Amino acid sequence: AQKVTQAQTEISVVEKEDVTLDCVYETRDTTYYLFWYKQPPSGELVFLIRRNSFDEQNEISGRYSWNFQKSTSSFNFTITASQVVDSAVYFCALTASGYALNFGKGTSLLVTP
Amino acid sequence: DTAVSQTPKYLVTQMGNDKSIKCEQNLGHDTMYWYKQDSKKFLKIMFSYNNKELIINETVPNRFSPKSPDKAHLNLHINSLELGDSAVYFCASSQEGLASSYNEQFFGPGTRLTVL
């Protein structure tokens, strides 16, 4: 069975602060894929990143960075210098079959001015 | 140039009715999905179709019946609607499943279903 845990239900930060969203996963599969999605208040799901289990390189994309550590089964997401537009629900997800995403319960991030 | 579209965007109906949600993708993908997002924002896979063939059916009541007339469409028909069916339903598509190098699952805008 696969499981994704996002222990932080809600996070509130002030603009320009850095914030890290935690994601811990469980799977018995040796090949799997991890994802992060953003759901802004408008409701659509926006793809942020995909990582396969063989690629533990960290990734940086502008103010966003991801830290993948197989040893701790974690795939954490950091937003540097947060902005109000970052306010959204962020989902971590996992698939091994390649045909369906197992989502965590999401972390609601509120960035205030 | 909408990649994955769903109609309707909002659907309000009475308990016991039958309704359909349509999904179309113009990305040339061969795999399509339906997800349900409940009131607590929890997203859960319902169905997955690859080349019009059912791949995943996740313990969804048989009142829910997906129909894939072709690779570009995956419609969701719901019979005898219940209060608990109220949710946002997302359609999605990807190429060759998520394990391919195409890497991304594209989601539609969602359909908010309210059962009264």
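Every heavy atom of this structure was used, including side-chain atoms; hydrogens, water molecules and symmetry mates were not. As the structure is a prediction and not an experimental result, all values here were calculated from the model. The sequence lines fix the lettering, A, B, ..., with proteins before strands; numbering per chain opens at 1.
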Q. Where on B/Leu43 is there a heavy atom nearer than 4.5 Å to chain A: the side chain, the backbone, both, or neither?
A.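 Contact with chain A is through both the backbone and side chain of B/Leu43.
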
Q: Please flag which part of B/Phe47 lies under 4.5 Å from any non-hydrogen atom of chain A: side chain, backbone, both or neither.
A: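 When you check distances to chain A, no heavy atom of B/Phe47 falls under 4.5 Å.
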
Is [X] atom [atom1] crowded by more than 12 heavy atoms from other residues, nucleotides or ligands, each under 6.0 Å away?
X: B/Tyr10; atom1: OH; value: no
X: B/Leu83; atom1: CG; value: yes
X: A/Lys3; atom1: NZ; value: no

Q | Shortest non-hydrogen separation from B/Phe42 to A/Lys105 and the atoms involved | A |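 B/Phe42 and A/Lys105 have their closest heavy atoms at CD1-CG, 4.0 Å.
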
Going from [atom1] on [X] to [atom2] on [Y], what distance comes out if it is rounded to the nearest 0.5 angstrom?
X: A/Phe91; Y: B/Gln37; atom1: CZ; atom2: CD; answer: 5.0 Å
X: A/Thr9; Y: B/Lys41; atom1: OG1; atom2: NZ; answer: 14.0 Å
X: B/Phe107; Y: A/Gln39; atom1: CZ; atom2: CD; answer: 9.5 Å

Test of understanding: clusters of I, L, V, M, F, W, Y form through side-chain heavy atoms closer than 4.5 Å, transitively. Do [X] and [Y] belong to the same one?
X: B/Phe64; Y: B/Leu113; result: yes
X: A/Leu48; Y: A/Val111; result: yes
X: A/Phe35; Y: A/Phe68; result: no

Q) Side chain, backbone, both or neither: which part of A/Tyr32 has a non-hydrogen atom closer than 4.5 Å to chain B? A)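 Neither part; nothing is under 4.5 Å.
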
Q) Sub-3.5 Å donor-acceptor pair from the side chain of B/Tyr35 to the main-chain atoms of A/Leu101, do we have one? A)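 Yes, B/Tyr35 side chain to A/Leu101 backbone: donor-acceptor pair under 3.5 Å.
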
